[in-house]
Amino acid sequence: LNHLKNKYRARFCHGGRNKIDLQPGQNILKVIQDCFESGS
Amino acid sequence: QIRKCTEKFLVFMKEHFDKLFAKMEEVVLQLV
Amino acid sequence: VPGRAQVFATVVDTFLEKLVAAGSYQRFVNCYRCFYKLQPQLTRSIYDQFISQLQASIKEEVQEVKNEGNLEGLFSSLDKIVEEAKDREEPAWRPSGIPEEDIRSTMVPYLLKHRSHLCRVLREKEEENRKVAESVLMGRNRIAELQQLIQARQQAWQAISKEQQELIMTFQE
């Protein structure tokens, strides 16, 4: 799994990930579904 | 012939797996 | 708000759901077209087995990672930390960038507290020693008094017994 670890650090540290803004009271299930839907 | 079909299916599955796994990692990083 | 453990479980379930949706039976049949034409039922049962084993092994793997890292426990303690920090206004402590500064700012208060604790213990011990020394001196004085008393009694007794001798002598004469 080493290849995952090396790339992981780069992925984890790069800032520009699409921030998930979680509004209080928002249905987290829906948020998660959308994250998987968003074709990125 | 079966092996060819299997490789085709597996390549497809692996691509989707990697894409979905990356999304899962993203969501876990941010929400968990 | 659902805890992190629940969010994690939901994320894994959604992942599996999307994976199975991607690896649909239709897709499977497209790949194994010729085989499907010959054995449609068998194709279906092979597909069903494949998908259920795929899901089972992914779930098992994730569970193993959770057990190894004790993630359930960590998730709930993370929830607790976030909960406790909710009403905190100012941002949490951050390293100043000068390590010795950070060490000093954390260690000095602790060491000062420890020093005052040791001073207090020392004072208590010194007080205790003073009391013990005092009682030793009192004991010595008491012994000296008693020795003088003994001496005085002894002299008195000797004087009396001397007089008694003389009296006896006188009567004998």
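Proteins come first, then strands; the chains are lettered A, B, ... in the order of their sequence lines, and each starts at number 1. Not measured: the values here are computed from a predicted model.
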- prompt: With only heavy atoms counted, which part of B:Gln1 is less than 4.5 Å from chain C, the side chain, the backbone, both or neither?
  reply: side chain
- prompt: Non-hydrogen atoms of chain C under 4.5 Å away: do they reach the side chain of B:Phe17, the backbone, both or neither?
  reply: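 Contact with chain C is through both the backbone and side chain of B:Phe17.
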Side chain to side chain contact (heavy atoms under 4.5 Å, CB included) between C:Leu112 and C:Arg115, intermediate numbers included: CA-CA 5 Å; C:Leu112 287 176; C:Arg115 189 176 71 176; 3.9 Å; yes
- prompt: Any chance CZ of C:Arg130 has more than 12 other-residue heavy atoms, nucleotides or ligands included, within less than 6.0 Å?
  reply: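 Yes, CZ of C:Arg130 has more than 12 neighbouring heavy atoms, counting only those of other groups under 6.0 Å.
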Best-contacting candidate, B:Ile2, B:Val32, B:Leu31, against chain C by heavy atom pairs under 4.5 angstrom: B:Val32
query: Under a 4.5 Å heavy-atom cutoff, which of B:Met24, B:His16, B:Met13 has the most pairs with chain C?
result: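 Result: the option with the highest number of such pairs is B:Met24.
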task: State plainly whether the residues B:Glu7 and B:Lys4 are in salt-bridge range, i.e. N to O under 4.0 Å.
output: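 A salt bridge is absent here (no side-chain N lies under 4.0 Å from a carboxylate O).
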Toward chain B, the part of C:Asp79 with a non-hydrogen atom under 4.5 Å: neither
query: What part of C:Phe75 is in contact with chain B, defined as an atom under 4.5 angstrom from a non-hydrogen atom: side chain, backbone, both or neither?
result: side chain
message: Using the rule given for side chain to side chain contact (heavy atoms under 4.5 Å, CB included), can you reason through C:Thr43 versus C:Tyr25, listing the C-alpha separation, both sets of side-chain angles and the distance that settles it, and then say yes or no?
response: CA-CA 9 Å; C:Thr43 311; C:Tyr25 181 56; 4.2 Å; yes
message: Checking B:Glu26 against B:Gln30: is there a side-chain donor and acceptor pair closer than 3.5 Å?
response: yes
- prompt: When the aromatic ring centroids of B:Phe9 and C:Phe50 are compared, is their separation below 6.0 Å?
  reply: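 Yes: the rings meet the under 6.0 Å criterion.
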message: Using side chain to side chain contact (heavy atoms under 4.5 Å, CB included), reason through C:Thr10 and C:Asp13 one step at a time and then give a plain yes or no.
response: CA-CA 5 Å; C:Thr10 309; C:Asp13 292 346; 5.7 Å; no
Leading residue by heavy atom contact count with chain B [cutoff under 4.5 Å; candidates C:Thr14, C:Val82, C:Leu19]: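 Of C:Thr14, C:Val82, C:Leu19, C:Leu19 has the most heavy-atom pairs under 4.5 Å with chain B.
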query: Using non-hydrogen atoms and a limit below 4.5 Å, what part of residues 158-167 of chain C faces chain B?
result: none
- prompt: Under a 4.5 Å cut-off applied to non-hydrogen side-chain atoms, are C:Tyr32 and B:Thr6 in contact?
  reply: yes
- request: Show your reasoning for whether side chain to side chain contact (heavy atoms under 4.5 Å, CB included) applies to C:Val62 and C:Lys66.
  value: CA-CA 6 Å; C:Val62 168; C:Lys66 279 174 72 173; 4.3 Å; yes
